[in-house]
Each structure stands twice: as structure tokens, then as C-alpha cells.
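Report on the following structure.
Letters A, B, ... mirror the listed sequences (proteins, then strands); counts begin at 1.
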2 protein chains.
Amino acid sequence: MLTEKFLLGRGREDLSAQEKQILEDSVAEVRSLPPRHRLVRAGQPVQTSTLLLEGFICRYMDDRDGLRQLVAVHIPGDFVDLHAFPMKRLDHDVATLGPVKVATFDHATLKTITERHPHLTQRLWFSTLLDAAMHREWIFRMGRLGAEGRVAHLFCEIYARLAMVGLAKDGCYTLPMTQPDLAEACGITGVHVNRVLRLLRERKLVTFRANTVEIMDPAGLASVGEFNPDYLYGTSATPAGAFA
Amino acid sequence: MLTEKFLLGRGREDLSAQEKQILEDSVAEVRSLPPRHRLVRAGQPVQTSTLLLEGFICRYMDDRDGLRQLVAVHIPGDFVDLHAFPMKRLDHDVATLGPVKVATFDHATLKTITERHPHLTQRLWFSTLLDAAMHREWIFRMGRLGAEGRVAHLFCEIYARLAMVGLAKDGCYTLPMTQPDLAEACGITGVHVNRVLRLLRERKLVTFRANTVEIMDPAGLASVGEFNPDYLYGTSATPAGAFA
DNA sequence: CGAGAATTTGACTCGGTTCAAACGGTGTGG
DNA sequence: CCACACCGTTTGAACCGAGTCAAATTCTCG
């Protein structure tokens, strides 16, 4: 089932079998895309939205000098640009990190869902609000944490989210990001990311090599990143609590 | 009409007279609240949502040391915690800045709306996505701008939003925030906010005194803050374009 | 009028940037 | 199959923006 990871660990159980089927039947197209491929450009009108099936996607904005600020990292099960449905256009770019597989939904189809299935609609709405909750946490990260904390927090967040959809365990996961990418996500320099990674490694908290994150001390890392997974709205059965 | 400012300048025209009436009739209660009053505490279950009628409200999160990071500032017409309706609980606190007047909506009533009025529901959804768009811009502000730019950007954003609902003109508006408040919104120190304000004043860009913002050079301020109002999704008739 | 908060300014410190250079993978074309 | 080019990674040294600490001044409100 293509949409099996959607809201997994966040109340997907709350969807009836019929609703799950409606979602599944609403997929217009499944596509594979190469790394570093831009799906949507800021400002353009959009008629479809994208559910991420495999791989990683990011959203970002450019500053005056063309430097990027990531505003979101997406993992399988995320409805990456569902907000384009009510908004019609986006205020940021959307691009793949590594290679991905995505499912596309036509906005016309989504409109039908909103007209006929209020409860499913509310769950779709909820999924966009999860993104907003993560945005807020990113604001917190940039505003209150130093460089070390920011990187630690990001590693914790992605681990917790991947664990919820069964793509991470024992503190290990694949993350197709470079050090400059991390820098763009954390609002610091690529050079400084490197120094921070060395520190975190030396303190036996986490290592990041060859696109692989290995969290050696979850509690310690969560402490450095002041990470509390409540904002991810996982259900009680969800492994996000590993950090609690 | 209590709800007259809701989505004003953001496609409120798109609502039918009937829909506007439904919204108006859904108000459960109107209340006045004193400055610095906390409406919602993070984590608590919530059964109502709040439309801000008059005054200013902020949302914030605490770090380990109890220091606050503002994640949103709300102005009249904003449905401050509508996201609590699908989410059931919030990941942050909500508090007034100055004195406010608010309208309260029961979630049971909102549920009825989502079951019977898909189009109105979509506009409610849209309003929560506007908040998410502002969150993203805040991430950008914290990640890519220096202290000066952050303060400049914030002043620009609030001006553009107030102008859309008719509460600011000629670059002037009232903002019941202290310098420490600004600091909490911008991720810098209160002391440094003071220095930045002096700089901006000396450069004849903007002054902030006695809860009053006076933008003397809109274009210059927008340039320092790398401010582009597109993310506010104003309509073409909207004064937000004053900064474009 | 007095208390407590907010504003303002100065001096010193420090985290993170900038600039620079070396080193390591990896894919491509000759 | 190797050479080269292009990234990404790593490290060092100098610099600077913002934080910290401290104290004086002004404002606000009971």
C-alpha cells in the first residue's frame, strides 16, 4: 500500500479502512526522482501535491545572496506540500535530497475528498499542522540553541520521526545530507558544522559519516539539543518516546 | 461584526455572506483579558479556539532555563489557536501581550462546520497554513539574518499584516512589546535589541518608542530585513504590497 | 513617593564566521 | 585505466558580531 506510512505513529489508526482506501485510490501517479531535483519553485501555481514514499525531500528559501535556509526535512510518509492545496502556490522551493519515490495527488481529487469526507479531511489538515509544529520547533532551535544544540536537536528529531515509520532503530539511520546541507538547516556555516560534528563525536554522543547517523548516547544527545518529542504528536505506542 | 477581520486581505471576499454569518454565529463567548495573561499552557487538552478581536497575543516556548522563544505574534483577525482544533493539545503556550478582546469557539461547533461546510472549512485550514508560512519566514529570519535584519524584518511583517486589516498606515502602528519581548522574538539579547534599535534609529529607518513603531524608510527597512511580503498571501488589493 | 521594570551605555568575553589551504573521495573523459 | 576536476571534509588563524556583566538612568504604576 503506497500510503501506508502516512500519519503512521500519529493516529493513522484513527482512519477507517474505507478512508485509507480512498487515500490510496486518490494517487494520480507514482514517480521516481533523482537527487538534488527541484519539484516546486516558490511562487509558481501548483495543481498537485506530493506524498513522499521513499527517500528524503527538503523545503528551503533563498536569501538575498542565494544562500539557502532549509525550513523542513521530509521523510517517507510525509505529505510534503499538501499545504499547496489550500494555498494554490508556495512561498518556498521543494527539492529532493537523495533519490526519492513519490506519489502525486491532483488538487481536484483532494477537493472531492474535502467535500465528501470531513473526517479524512481533518486528518489531512492535521498532517499540515504537524509540519507547522515542527516549524515552531525549528524556530526554537534557531533562537535558543547554540550550534551544538542545533545539530543535536536535528539529529534527534529526524531519528524520532524515522523511528515512528519504522525506518530507524538502535539510534542508526541513513540521512542523505552533506555537512553544508546540515549547515543550511541549522543556520550555521558548513565549516562550523564540521567542528560541531567533531565535538559531538569526541563526546561520544553521535557520529555522522557517509550519510549515516549513529546516535551513541540518545539521552545525552537529547540533553544537548534540549529535545522533547512532544511536538511530534506521536501516539503512546510510538518509539518517539525513546527520547522522553 | 465580530469576525469581520478574519482573513481580511487574504481572500475573505472568497467567503459567501452565508459563510460569514455561520462564522459569526459560531462565537461562543467574547472576553476581555489583561496584559501578560496566559490563555493556554503547552500540553493541556483544549476544547475551544480563540479568534483575536482586539490587541496582541503571542505564542512561545520555554527553553531549559525558562527563557522564552516567541514563535508567533498575533494581531486582530488572527485565529490564534485554531490548530488546537485538529491537534487537541498544543505544543506551546499562548499569552496576551497588551490587553485584548477575544472571541471563543467551541471545538464541537467547529466540528459541525467541517461536517457541513467544506468550503468554509478549507478557508479555516488556509488560515492555519498562513501561520505555518509565517513560521517558515521566522525560521529564515533566525537562520539567515543578523540581529539588525531580524528586528527590521519583524517590524516589516507586523506592519504589513496590520495594514491588511486596517490597523496601520503611514508606517506607524502600536505594538505592545518591550525590548526584552522583541529579543525573545528575534533570538537575541535584550541588551542587543537596544543597540540594534539605536542603529536603526540613527540610520533613519525606524523608531520604536513607547510601544509605537514608526517606519521612516519602508524600502530601506525592507532591504535590511530582506523582507518580501509574498509569504503573507495578501490579495492584490492589499497594502502589504507597500513593501514589494 | 517609592518599587520594580524597562531602557541605555560601557567594557570585556566568546561563539561562530571568514579566509585559506590541505586532504579525500568519486565520477568522467581521454 | 589513469588523470583530472569537482565536491565534500578537515583543520588552522584571524576577525567580528553578539553575549555577558555591571551600573546608571528613566519610566510606570501602586
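Considering only side-chain N and O atoms, A:N194 lies under 4.0 angstrom from the phosphate OP1 or OP2 of D:dT10. Residue B:R198 places none of its side-chain N or O atoms closer than 4.0 Å to OP1 or OP2 of C:dT8.
The separation between B:L199 atom CG and D:dG17 atom P is 11 Å, rounded to whole Å. The nearest whole Å value for the distance from the CZ atom in B:R36 to the P atom in C:dG4 is 18 Å. Nucleotide C:dC14 holds its P atom 16 Å from the CD atom of A:E148, rounded to whole Å. When the P atom of D:dC7 is taken as reference, atom CG of A:D181 falls 14 Å away, rounded to whole Å. Rounding to whole angstrom units, NE2 of residue B:H192 and C1' of C:dC12 are separated by 15 Å. Between the C1' atom of C:dG16 and the CZ atom of B:R144 lies a distance of 13 Å, rounded to the nearest Å. Distance, A:F208 CZ to D:dT10 P: 10 Å, rounded to whole Å.
Taking the ring axis of A:Y60 as reference, the NZ or CZ atom of A:R38 does not stay both within 45° of it and closer than 6.0 Å to the ring centre. Geometrically, B:R89 engages A:Y233 in a cation-pi contact defined by less than 6.0 Å to the ring centre and at most 45° from the axis.
Of the residues near DNA chain C, A:V196 and B:L197, the one whose nearest nucleotide (by heavy atom distance) lies more toward the 5' end is B:L197.
Of the residues A:R136, A:E137, A:E157, the one that meets the side-chain hydrogen bond (donor to acceptor under 3.5 Å, both in side chains) test with A:Y231 is A:E157.
The side chain of A:V191 lies closest to D:dT11 when the candidates are D:dT11, D:dT9, D:dC21. Proximity note for B:P180 (side chain, C-beta onward) versus D:dT20, C:dA6, D:dT10: the nearest is C:dA6.
Using a 4.0 Å heavy-atom cutoff across all strands shown, A:R195 reaches at least one base atom of the nucleic acid.
Side chains of A:T128 and A:D131: no donor on one and acceptor on the other come within 3.5 Å.
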